[in-house]
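Read the structure below first, then the notes.
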There are 4 protein chains.
Amino acid sequence: MILSMSRKISEPAERIRSAALSLFIKNGITGTTTKEIAREAGVSEGSIYNHFESKGDLALKLFLECMAMFREVLDKKSLEADTPSGKLEAVIHAFFDFARREPEVYAYIMVGHFTELGKIPKTVKKPVDVFSAIIKSGMESGEFPGHDEKLRAAYITGMLTRAILFHKTGVLRMSYRAIVRETVKSSLKVLGSDGCVQK
Amino acid sequence: MILSMSRKISEPAERIRSAALSLFIKNGITGTTTKEIAREAGVSEGSIYNHFESKGDLALKLFLECMAMFREVLDKKSLEADTPSGKLEAVIHAFFDFARREPEVYAYIMVGHFTELGKIPKTVKKPVDVFSAIIKSGMESGEFPGHDEKLRAAYITGMLTRAILFHKTGVLRMSYRAIVRETVKSSLKVLGSDGCVQK
Amino acid sequence: MILSMSRKISEPAERIRSAALSLFIKNGITGTTTKEIAREAGVSEGSIYNHFESKGDLALKLFLECMAMFREVLDKKSLEADTPSGKLEAVIHAFFDFARREPEVYAYIMVGHFTELGKIPKTVKKPVDVFSAIIKSGMESGEFPGHDEKLRAAYITGMLTRAILFHKTGVLRMSYRAIVRETVKSSLKVLGSDGCVQK
Amino acid sequence: MILSMSRKISEPAERIRSAALSLFIKNGITGTTTKEIAREAGVSEGSIYNHFESKGDLALKLFLECMAMFREVLDKKSLEADTPSGKLEAVIHAFFDFARREPEVYAYIMVGHFTELGKIPKTVKKPVDVFSAIIKSGMESGEFPGHDEKLRAAYITGMLTRAILFHKTGVLRMSYRAIVRETVKSSLKVLGSDGCVQK
DNA sequence: AATGAATGAGAGTTCATTCAT
DNA sequence: AATGAATGAACTCTCATTCAT
């Protein structure tokens, strides 16, 4: 997985990270025991404590790494387009792609939202901030007329996460590609000018 | 809280329910001990088991009750308007109102989404189904042109939950009323006709 | 069952006795809960304590009653024959009959041997004492030449209980009647004169 | 005790085994708590679970070990004599010796008969099988005329266990040696030819 | 760094018994 | 006598963490 791309996957610390990630997603953080992590990683239980201070430390570091990885991917894609709407479209595609290609990283970000988010400083950049920035520039250029970029970024991420969630649970019958296309369109609608829709 | 409106709040079962709800929200279900629930409810630990089969049973029953309560409130509000867009507006208002007036019930629905949702039969009606129904009727009447009512209901609930979450965490500086108004408008945009936005 | 022959079986105390007996045999005394006894007896849990001081008291009283019943049956049969060997035969038949007709009473005597026997005074007459008395009179009459009537009574009861146990567990292929006949013969052999066997 | 002869008695697993054995005999299996076992063994309560899956697992493993040890001792002694009656005498002596030298192992076999015996496969060899084999060979050689070796093995084990039980409870006034001698004689009588006794 | 047995606090749950009704 | 909810002590078992090797 990407998490370990630049590191040797065979290294204990990396194997622990990978095992913990899988288990945290499947059973939750409190629902995962250090014994399970050690078994899955093929290391001894005590070995975990040579690399991480505690189970909580492991969970949090993992969360930060996942968040950073996600945000970086979105950030990079954002640079590949010029206009706010172009950037938005690119980032939404990247969002869906990431959820598909790194399902565990994505899933853990969702899982950790409740328990880990409160433990990190507010200054840490999160995926939603990428949307905020794009929308803000769109507001300034007049492309996305409106007021609060944070609220609107909240709308977009809400739409995206829910769409992905519903797709994963098998509620929707549309193809993945169609969902992405539809979501881009709907996002642009949300950010569009007020005068248009109401008639 | 509404949960106990029609029952004597002094009854042990009700006190257990109320205590568990608060604690589950604050510390999560696995993070809450039966000892804490008992202390908070003012009953003995063993007493919990005269009313619920296990801690898990308590958590699940509570989740079902919260879901049902929320859905009923939305359902009732939905009947007070005639047109799909009228219904949508009414239900969005009800959604925000509920989150504000029953913050614990609302919070527990969010918390339980990951752990409890998978344990209940798919036939149980959920808040999102209220939106689905409204959108579907709007699609049939032509008011909400488009295809998949479930995906679009996912968009709406995503927008709402994120907006409420961001408001709670203090990220947004808008007034509650302004957020609600803005969210209604944005929701209608998402469901509006395709031709309009793109230029 | 005989236990309640002279009492109204519908009376709570009797229903408790009957339910407890069944359950104690099936699951052991410590393995049986008062809740189960109450349910099986169709009374409330608290009702048990209107009739017995505790679960232990119930178990012990039941044990004493079972022992007394068994011993009385053997005693009575013993009187129906005149000679020691005649009495022995009659009592062995009665022993097997009792185990067959009152399987629960018999089973509970076996079960309670380890836990209850130590709680009752040594003066209480037990089934083995019936054998002791017969053997003693046989030793005095010269019919059962030998020394220690208690050891020999131990032999006889050991043979009987093991034979019944093995029959119940299905290890033996002989008919019940054949086992009884064989056991009578073998018992008489054990008590027979010494000079005979050794050559 | 023999159980640990070939192992270091200071090892935790062995200390747990030893402590559990003593306590199970004294208070029964359900009557013994893991806390008591841990205290008696000088280990922490949790440590029990590093060596055994559960208290029930500990009780069962202990039972199987005790049974195996007993049967092996009897088996070995059986080989030291040539004729069936010689073997029988040797094994009866070994039976009494074992009960005296390994009182805890012997006692636990008796205690476990009710609760553990049903949990082990029927193919596991038990002490009674040693008697069965001897009697069978005696029946074939004509030394022990008669039919069912299993029933007769049941007689012998019944006599032995009851004799030991009565000796332990102090009911008998004979010396241990005399009891053993008497029991050998009586056992041979039971297995002797029919014609003799009845005279 | 790596191990894994040992720890002990504490988890969820059970249950004989009590007691107000 | 009868009830059954309430009790609280005690139960078995779990688990993050430590530490001698």
Side-chain angles (χ1 to χ4, degrees), chain A residues 11-13 15-16 29-39 41-59, chain B residues 11-13 15-16 29-39 41-59, chain C residues 11-13 15-16 29-39 41-59, chain D residues 11-13 15-16 29-39 41-59:
Chain A
E11 279 178 8
R15 295 219 305 281
I16 290 166
I29 295 170
T30 45
T32 299
T33 68
T34 51
K35 194 183 286 291
E36 287 170 332
I37 296 169
R39 190 183 339 112
V43 301
S44 71
E45 216 177 334
S47 193
I48 293 170
Y49 293 85
N50 287 326
H51 299 280
F52 302 93
E53 285 176 23
S54 66
K55 192 179 85 160
D57 176 51
L58 168 57
Chain B
E11 279 179 10
R15 294 217 306 279
I16 291 167
I29 295 170
T30 46
T32 299
T33 69
T34 51
K35 197 182 287 293
E36 287 170 333
I37 296 170
R39 186 174 353 104
V43 301
S44 71
E45 216 176 332
S47 198
I48 294 170
Y49 294 87
N50 285 330
H51 299 282
F52 303 93
E53 285 177 24
S54 64
K55 193 180 81 162
D57 176 53
L58 168 57
Chain C
E11 279 178 8
R15 295 215 309 278
I16 291 168
I29 295 169
T30 44
T32 299
T33 68
T34 51
K35 193 182 287 288
E36 286 170 332
I37 296 170
R39 186 175 354 104
V43 302
S44 72
E45 217 177 334
S47 193
I48 294 171
Y49 294 85
N50 287 328
H51 299 279
F52 302 93
E53 285 176 23
S54 66
K55 192 178 85 160
D57 176 54
L58 167 58
Chain D
E11 280 179 8
R15 295 217 307 279
I16 291 167
I29 295 169
T30 45
T32 298
T33 69
T34 50
K35 196 183 286 294
E36 286 170 333
I37 296 170
R39 190 182 340 110
V43 300
S44 71
E45 215 176 336
S47 198
I48 294 171
Y49 295 87
N50 285 329
H51 300 281
F52 303 94
E53 285 177 23
S54 65
K55 192 178 83 162
D57 176 53
L58 168 57

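Below, each value reflects all heavy atoms present in this structure, side chains not excepted, and no hydrogens, waters or symmetry copies. Order of the sequence lines fixes the chain letters, A, B, ..., with proteins taken first and strands second; residue numbering starts at 1 for each chain. Values in this document were obtained by computation on a predicted structure and should not be read as measured data.
Contact between C:I37 and C:T32 at its shortest, heavy atoms only, is CG1-CG2, 3.7 Å. When all heavy atoms of D:P12 and D:V43 are compared, the pair lying nearest together is CB-CG1, 4.1 Å. Taking each heavy atom of B:S47 and B:I16 in turn, the nearest pair found is O-CD1, 4.2 Å.
Here chain A contacts DNA chain F (any atom closer than 4.0 Å to a heavy atom, that is under 4.0 Å), and the contacts span F:dC15 to F:dT18 from 5' to 3'.
Scanning for side chain to side chain donor-acceptor pair (under 3.5 Å) contacts around C:T30 gives D:T30, with sequence neighbours left out. Scanning for side-chain contact (heavy atoms from CB on, under 4.5 Å) contacts around A:A13 gives A:R17, A:H51, with sequence neighbours left out.
Taken from OG1 in D:T33 to CZ in D:R39, the straight-line distance is 7.0 Å, to the nearest 0.5 Å.
Annotated stems with DNA chain F as a participant read E:2-21 with F:2-21, given as range with range, by first number; only runs of 3 or more Watson-Crick or G-U pairs under 3.5 Å qualify.
For the salt bridge (Lys or Arg N to Asp or Glu O under 4.0 Å) condition, the pairs that include at least one residue of residues 41-59 of chain B, sequence neighbours left out, are B:K35-B:E45, B:D57-B:K61.
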Contact list (N/O, under 3.5 angstrom) for nucleotides 7-11 of chain E vs protein:
unit_1 : atom_1 : unit_2 : atom_2 : d
E:dT7  : OP2    : D:S44  : N      : 2.9
E:dT7  : OP2    : D:S44  : OG     : 3.2

